[in-house]
Participant: 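Dumping the structure here so I can ask a few things about it.
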Amino acid sequence: MSNSSAAKPGSADEARNLQSTDFITDFIKEDLDQGRFSYVRTRFPPEPNGWLHIGHCKAFCIDFNMAERFGGKCNLRFDDTNPEKEDISYVEAIKRDIKWMGYDWEDREYYASDYYEFLYEHAVKIIKKGNAYVDDLTESEIREYRGTAVADKNNITITPPGKNSPYRDRSIEENLELFAKMRAGGYPDGAKTLRAKIDMTHPNLVMRDPVMYRIRREHHYRTGDSWCIYPMYDFQHPLSDAKEGITHSLCSLEYEIHRPLYEWFIREAEVFPSRQIEFARLNLSYTVMSKRWLLKLVQKKYVSGWDDPRMPTIAGLRRRGYSPEAIRSFISQIGVAKTDSMADIAFLEYCLRDDLNRRALRVMAVLKPLKLIIENYPQDACDELEAVNNPEDESAGMRKVQFSRELWIERDDFEETPPPKYFRLFPGNSVRLRYAYIITCTGFEKDPDGNITVVRCTYDPETRGGNAGNSASPDARKVKGTIHWVSAAHCVPMETRIYDYMFNTERPMEIAPRADGSPGEFTDNFNHNSLEVITDAWGEPAIANGAPGQVFQFERLGYFARDPDSGADGRPVFNKTVGLRDTWGKIAKKF
């Protein structure tokens with residue numbers, strides 16, 4: 001039923017929609033024009049140590065779309081060379097999320113762990129060339145010997161030379177023997193590493209004899225205990241790309257400093273000459289974009305899990321009610337840049353609202369109910385009124401809404417003493433009930449604590465109808481306010497979960513010291529009021545038939561997605577996806 005105009009995922013149209021990608025496009029086009037490659041092959045290489053978030057989504061959208069733009073293919077490869085953090089459950093979650101986003105890698109699913117023998121053989125090849133050695137330094141000693149970047153008196157960053165390991169000049173024969181013994185399990189964890197022999201005075205610290213292999217007796221979810229040495233990412237990454245014939249390895253900007261090492265390993269291993277291109281990663285306000293930090297939120301119970309609707313994970317966004325089309329539209333419109341920047345979460349919400357406005361069915365629901373009694377409406381009568389399912393989509397048709405003497409309205413839609421320009425219900429004022437009649441407030445009741453419990457009104461039977469606050473009759477009474485409602489005799493109970501931003505500050509990783517002077521953590525910025533659970537909400541009967549994940553527009557309230565969970569007594573649960581009010585226009589004026 002969707003009228004969404006979003007381009008097909010991975011299509012040439014969507015690829016062309018990406019803004020500011022000229023530097024990638026020109027790079028690839030130049031390679032093709034100069035004959036470096038006769039085809040284009042990209043890859044998306046997640047590590048299966050967590051669930052994908054919207055930042056990964058940007059990455060694989062670029063990977064798939066760029067391949068499509070040049071008539072090529074994109075592989076899905078799991079870079080699973082860190083066994084202590086990886087698991088098959090993460091693999092399945094990643095595949096599920098990419099498919100949900102609309103992308104298919106067909107028969108191009110690969111695992112770096114399948115290349116362990118290939119990687120080992122090429123490490124041996126580099127040793128035989130005299131360009132790698134087995135080192136006995138500890139991890140902390142390696143860092144000490146490598147050196148660190150410092151600022152001089154003019155605050156200019158410099159990198160004083162490091163110093164060579166005392167084991168750097170071992171013979172090729174000794175290194176081959178030691179490396180074979182490392183593989184055979186002849187040394188304890190951490191006792192030795194294999195390092196590339198490059199230059200300990202190189203201005204780029206990454207090039208100062210980086211570690212290629214370390215000893216780890218960890219059970220691997222795919223290879224079991226058959227290996228006790230595992231390759232480092234900087235070694236595995238370029239060789240895995242080469243193994244698959246990847247022409248263009250599209251990486252986020254933090255890997256730019258690693259590109260010389262990527263090219264060094266390609267050259268020394270004498271493998272397929274894959275090329276690396278970097279682009280700015282996605283940063284989003286009021287959230288964090290790192291699996292490491294998101295994992296901490298899960299482990300420390302700040303959220304209910306990886307798919308908590310406050311999380312920026314694809315699973316969390318899906319559970320909250322985001323659509324793939326809205327996410328792809330957001331990524332397409334923010335474009336791909338060469339420098340880091342912060343995307344405003346309000347623009348993501350704008351893209352979501354724009355998409356849901358076209359696809360979501362309208363219903364009425366009351367989240368904070370107040371009883372309304374229509375005194376002159378017959379006690380046991382019931383009207384069936386017609387309501388529009390989606391004014392943006394004529395094919396969505398109409399639905400029947402039951403109307404009775406007793407209704408629920410929003411508590412905020414009545415004021416005993418109204419403020420200026422308040423056009424909803426108050427004593428003596430008239431409003432229209434959405435799709436129904438004009439009513440006039442005649443009184444109200446309070447409990448012993450002074451809380452309003454019942455509002456009493458009369459209705460005008462001549463004002464039946466009106467989809468937007470006006471009766472179908474040409475001489476209908478004019479009123480300034482329209483409110484929504486549900487019939488107390490026909491509505492269904494539900495639970496609603498109202499979500500706010502997960503953090504109180506736009507940049508959660510900007511961490512201030514605590515009041516006691518101790519260092520702060522990013523969790524200090526966590527918004528502990530980011531979830532409000534309402535257990536006594538009511539909705540039209542139509543919501544009871546909503547499938548898990550289906551998004552409705554609760555008129556005047558916002559968009560709500562049915563959660564896979566059920567509340568107490570089997571009541572449906574709805575997560576607030578986004579509000580109706582479009583605040584992006586106001587925000588954009590600031591820039």
Side-chain angles (χ1 to χ4, degrees), residues 6-29 31-32 37 39-48 50-80 91 93-112 233 236-238 240-256 258-259 262 272 274-282 289 291 313-314 324 327-338:
K8 177 184 175 183
S11 68
D13 286 341
E14 183 172 277
R16 282 191 292 270
N17 287 341
L18 285 170
Q19 300 175 359
S20 304
T21 55
D22 286 350
F23 75 94
I24 296 180
T25 303
D26 290 347
F27 190 103
I28 297 175
K29 189 174 184 300
D31 279 349
L32 295 174
F37 304 109
Y39 66 93
V40 171
R41 175 67 61 90
T42 63
R43 85 290 173 268
F44 176 58
E47 181 183 358
W51 292 24
L52 298 183
H53 54 64
I54 193 171
H56 298 110
C57 191
K58 174 184 176 180
F60 67 68
C61 284
I62 294 171
D63 291 328
F64 280 95
N65 288 333
M66 280 297 161
E68 179 70 25
R69 175 177 291 186
F70 289 95
K73 299 291 186 179
C74 179
N75 293 355
L76 172 62
R77 181 180 74 239
F78 293 94
D79 280 348
D80 53 351
V91 171
I94 289 168
K95 292 196 292 185
R96 180 182 65 240
D97 289 344
I98 298 174
K99 286 183 178 179
W100 179 76
M101 281 296 300
Y103 295 98
D104 191 349
W105 53 94
E106 299 174 348
D107 59 345
R108 302 182 306 279
E109 182 176 316
Y110 301 99
Y111 296 81
Y233 181 81
Q236 173 271 127
H237 174 213
S240 294
D241 284 349
K243 174 74 170 174
E244 296 173 17
I246 301 301
T247 58
H248 298 91
S249 180
L250 309 180
C251 301
S252 51
L253 199 58
E254 64 264 34
Y255 289 102
E256 184 174 32
H258 294 255
R259 193 198 316 153
Y262 182 98
F272 183 85
S274 304
R275 302 194 73 195
Q276 179 175 302
I277 314 171
E278 306 85 16
F279 58 86
R281 64 183 299 169
L282 172 61
M289 302 291 276
K291 282 188 288 186
T313 56
I314 297 175
I327 298 171
R328 293 201 308 270
S329 174
F330 168 70
I331 291 169
S332 174
Q333 293 187 65
I334 63 172
V336 183
K338 188 65 176 175

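Counting from 1, the numbers follow the sequence of the chain as shown.
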Participant: Hey, is Arg275 close enough to Asp31 for a salt bridge, meaning N to O under 4.0 Å?
Facilitator: yes
Participant: Go through Glu244 and Tyr110 one step at a time and tell me if the side-chain contact (heavy atoms from CB on, under 4.5 Å) criterion holds.
Facilitator: CA-CA 9 Å; Glu244 296 173 17; Tyr110 301 99; 3.4 Å; yes
Participant: Ring centroids only, cut at 6.0 angstrom: are Tyr255 and Tyr233 within range, meaning strictly under it?
Facilitator: yes
Participant: Please evaluate residues Ser329 and Gln333 with respect to the criterion side-chain hydrogen bond (donor to acceptor under 3.5 Å, both in side chains), reporting the C-alpha separation (whole Å), side-chain torsions for both, the decisive distance (0.1 Å), and the verdict.
Facilitator: CA-CA 6 Å; Ser329 174; Gln333 293 187 65; 2.9 Å; yes
Participant: Would you check if Asn75 and Thr42 make a side-chain contact, meaning some heavy-atom pair closer than 4.5 Å?
Facilitator: no
Participant: Quick one: does Cys57's side chain get under 4.5 Å of Leu52's, heavy atoms only?
Facilitator: no
Participant: Would you check if Leu253 and Phe279 make a side-chain contact, meaning some heavy-atom pair closer than 4.5 Å?
Facilitator: no
Participant: Would you name the heavy atoms of Gly55 and Met289 that are closest together and state the gap between them?
Facilitator: N-CE, 3.2 Å
Participant: Short question: side chain of Ser240, backbone of Gln236 - any donor-acceptor pair under 3.5 Å?
Facilitator: yes
Participant: What's the separation between atom CE in Met101 and atom SG in Cys61, rounded to the nearest 0.5 Å?
Facilitator: 4.5 Å
Participant: Is any side-chain heavy atom of Phe44 closer than 4.5 Å to one of Ile62?
Facilitator: no
Participant: Does the side chain of His237 come within less than 4.5 Å of Ser249's, by heavy atoms?
Facilitator: yes
Participant: Output, in order, the C-alpha distance, side-chain angles, deciding distance and verdict of side-chain contact (heavy atoms from CB on, under 4.5 Å) for Tyr111 and Asp79.
Facilitator: CA-CA 6 Å; Tyr111 296 81; Asp79 280 348; over 6 Å; no
Participant: If I take atom CG from residue Asp104 and atom SG from residue Cys74, how far apart are they, to the nearest 0.5 angstrom?
Facilitator: 11.0 Å
Participant: Working to the nearest 0.5 angstrom, can you tell me the gap between Arg69 CZ and Ile24 CD1?
Facilitator: 9.0 Å
Participant: In Å and rounded to the nearest 0.5 Å, what is the CH2 to CD1 distance from Trp51 to Ile314?
Facilitator: 11.0 Å
Participant: Can you name the residues that form a salt bridge (Lys or Arg N to Asp or Glu O under 4.0 Å) with Asp241, not counting sequence neighbours?
Facilitator: Arg43, Arg77
Participant: May I ask you to check whether Phe60 and Tyr103 place their ring centres under 6.0 Å from each other?
Facilitator: yes
Participant: Among residues at least two apart in sequence or on other chains, which ones pass side chain to side chain contact (heavy atoms under 4.5 Å, CB included) with Phe272?
Facilitator: Phe37, Tyr39, Ala242, Thr247, Ser274
Participant: Treating Arg41 as the side-chain partner and Gly72 as the backbone partner, does any N or O pair qualify as donor plus acceptor under 3.5 Å?
Facilitator: no
Participant: Crowded around Lys73 NZ? As in, over 12 foreign heavy atoms under 6.0 Å?
Facilitator: no
Participant: Who are the side chain to side chain contact (heavy atoms under 4.5 Å, CB included) partners of Pro238, not counting sequence neighbours?
Facilitator: Tyr262, Phe265, Ile266
Participant: Any heavy-atom pair between the side chains of Leu76 and Arg108 that's under 4.5 Å?
Facilitator: no
Participant: Can you find a heavy atom in the side chain of Lys338 that is under 4.5 Å from one in the side chain of Glu278?
Facilitator: yes
Participant: To the nearest 0.5 angstrom, please state how far the OG atom of Ser332 sits from the CD1 atom of Ile327.
Facilitator: 13.5 Å
Participant: How about Lys58 and Arg281: do any of their side-chain heavy atoms sit closer than 4.5 Å?
Facilitator: no
Participant: Do Lys291 side-chain atoms and Pro48 backbone N/O form a donor-acceptor pair below 3.5 Å?
Facilitator: no
Participant: Assess whether a salt bridge exists between Lys95 and Glu109, defined as any Lys/Arg side-chain N lying under 4.0 Å from an Asp/Glu carboxylate O.
Facilitator: yes
Participant: Checking Thr313 against His56: is there a side-chain donor and acceptor pair closer than 3.5 Å?
Facilitator: no
